[in-house]
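Bear in mind the structure is a predicted one, so any value in this text is a computation, not a measurement. Just the heavy atoms: all of them, side chains too, but no hydrogens, waters or symmetry mates, feed the values below.
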Amino acid sequence: MSRVQPRLVHVIFPATGADRPVAQLRVGLRDTSRADAASPVLAEATTGPLLVPGRGSTVDVVIEAGDVAAQAIESLGPGEVTVFAHAAAAARDDIEEGDYLSTVAVPLPPDGDIELRVTYLPVSD
């Protein structure tokens with residue numbers, strides 16, 4: 001199976017003890033082949049709004065790459081495409097307190113589903 005087939009990503013939200021609204025969940029693939037450069041987004045899927053229960057949960061998202069992104073993904077080596085997730089409490093792209101964020105680089109595997117754990121960024125008092 002090609003790395004550019006539609007991929008199912010299981011975004012795993014941790015238990016936080018309280019239900020938390022998410023306005024927008026973005027899951028995508030980034031080109032992380034250049035060490036000291038920005039990592040461009042090759043493909044992404046967005047969903048929401050949703051409510052993450054305090055006990056935690058898993059949300060499934062399918063990522064599909066267009067033709068140009070598919071060519072870029074195929075040209076990159078193993079470990080040079082990573083999967084990311086950002087669940088924003090408000091509909092925006094920047095990261096703020098109260099969001100969930102993937103904090104560990106997860107390389108795009110050659111095939112199969114992807115499990116991606118996100119971390120809650122608590123709101124300061």
Side-chain angles (χ1 to χ4, degrees):
M1 176 184 275
S2 167
R3 292 192 303 168
V4 295
Q5 296 296 320
R7 302 299 291 276
L8 180 62
V9 179
H10 306 288
V11 181
I12 303 168
F13 289 87
T16 61
D19 293 352
R20 303 200 184 276
V22 168
Q24 171 179 284
L25 170 59
R26 293 176 51 223
V27 179
L29 305 176
R30 286 197 174 143
D31 173 355
T32 51
S33 62
R34 292 171 280 182
D36 292 331
S39 300
V41 176
L42 300 170
E44 93 177 348
T46 304
T47 189
L50 55 105
L51 184 67
V52 178
R55 68 181 182 285
S57 70
T58 299
V59 175
D60 292 340
V61 178
V62 174
I63 299 176
E64 296 188 51
D67 292 340
V68 173
Q71 290 175 357
I73 292 167
E74 286 296 330
S75 72
L76 295 167
E80 294 183 332
V81 178
T82 57
V83 186
F84 74 91
H86 175 209
R92 57 182 155 54
D93 291 336
D94 55 325
I95 299 166
E96 294 185 9
E97 294 176 331
D99 288 357
Y100 293 87
L101 186 67
S102 54
T103 58
V104 175
V106 176
L108 179 66
D111 56 28
D113 295 354
I114 304 158
E115 286 193 356
L116 186 62
R117 295 185 184 281
V118 293
T119 301
Y120 178 66
L121 305 174
V123 177
S124 300
D125 293 329

What are the two closest non-hydrogen atoms of [X] and [Y], and how far apart are they?
{"X": "A87", "Y": "L25", "result": "CB-CD1, 3.9 Å"}
{"X": "E96", "Y": "L121", "result": "O-CD1, 3.9 Å"}
{"X": "T58", "Y": "H10", "result": "CG2-CB, 3.8 Å"}
{"X": "A89", "Y": "G98", "result": "CB-O, 3.7 Å"}
{"X": "S57", "Y": "P53", "result": "OG-CD, 3.6 Å"}
{"X": "E115", "Y": "I12", "result": "OE1-CD1, 3.9 Å"}

Got R7 and L108 here, is their nearest side-chain heavy-atom distance under 4.5 Å?
yes

Using a 4.5 Å cut-off on heavy atoms from C-beta on, say whether the side chain of L101 contacts that of T119.
no

Same apolar cluster (I L V M F W Y, side chains within < 4.5 Å links), Y120/V118:
yes

In terms of hydrophobic clustering (I, L, V, M, F, W, Y; side-chain heavy atoms under 4.5 Å; direct or indirect links), are V11 and F84 co-clustered?
no

Identify each donor-acceptor pair in which a side-chain atom of residues 34-43 lies under 3.5 Å from a protein atom, sequence neighbours left out, and give them as a table.
none

Can you measure from [atom1] ([X]) to [atom2] ([Y]) and round to the nearest 0.5 angstrom?
{"X": "L8", "Y": "D113", "atom1": "CG", "atom2": "CG", "answer": "4.5 Å"}
{"X": "L76", "Y": "R30", "atom1": "CG", "atom2": "CZ", "answer": "14.5 Å"}
{"X": "D99", "Y": "H86", "atom1": "CG", "atom2": "NE2", "answer": "3.5 Å"}

Please check if atom CZ in R26 has more than 12 non-hydrogen atoms from other residues, nucleotides or ligands closer than 6.0 Å.
yes

For atom CG of D19, is the number of surrounding heavy atoms from other residues, nucleotides or ligands below 6.0 Å larger than 12?
yes

Can you tell me if S102 uses its side chain to pair, donor with acceptor, with the backbone of A85 under 3.5 Å?
yes

Could you tell me whether the side chain of R117 and the main chain of V104 form a donor-acceptor pair under 3.5 Å?
no

For F13, what residues pass the ring pair (Phe, Tyr, Trp, His ring centres under 6.0 Å) criterion, not counting sequence neighbours?
Y100

Per the side-chain contact (heavy atoms from CB on, under 4.5 Å) rule, which among I63, V9, T82 passes with L29?
I63

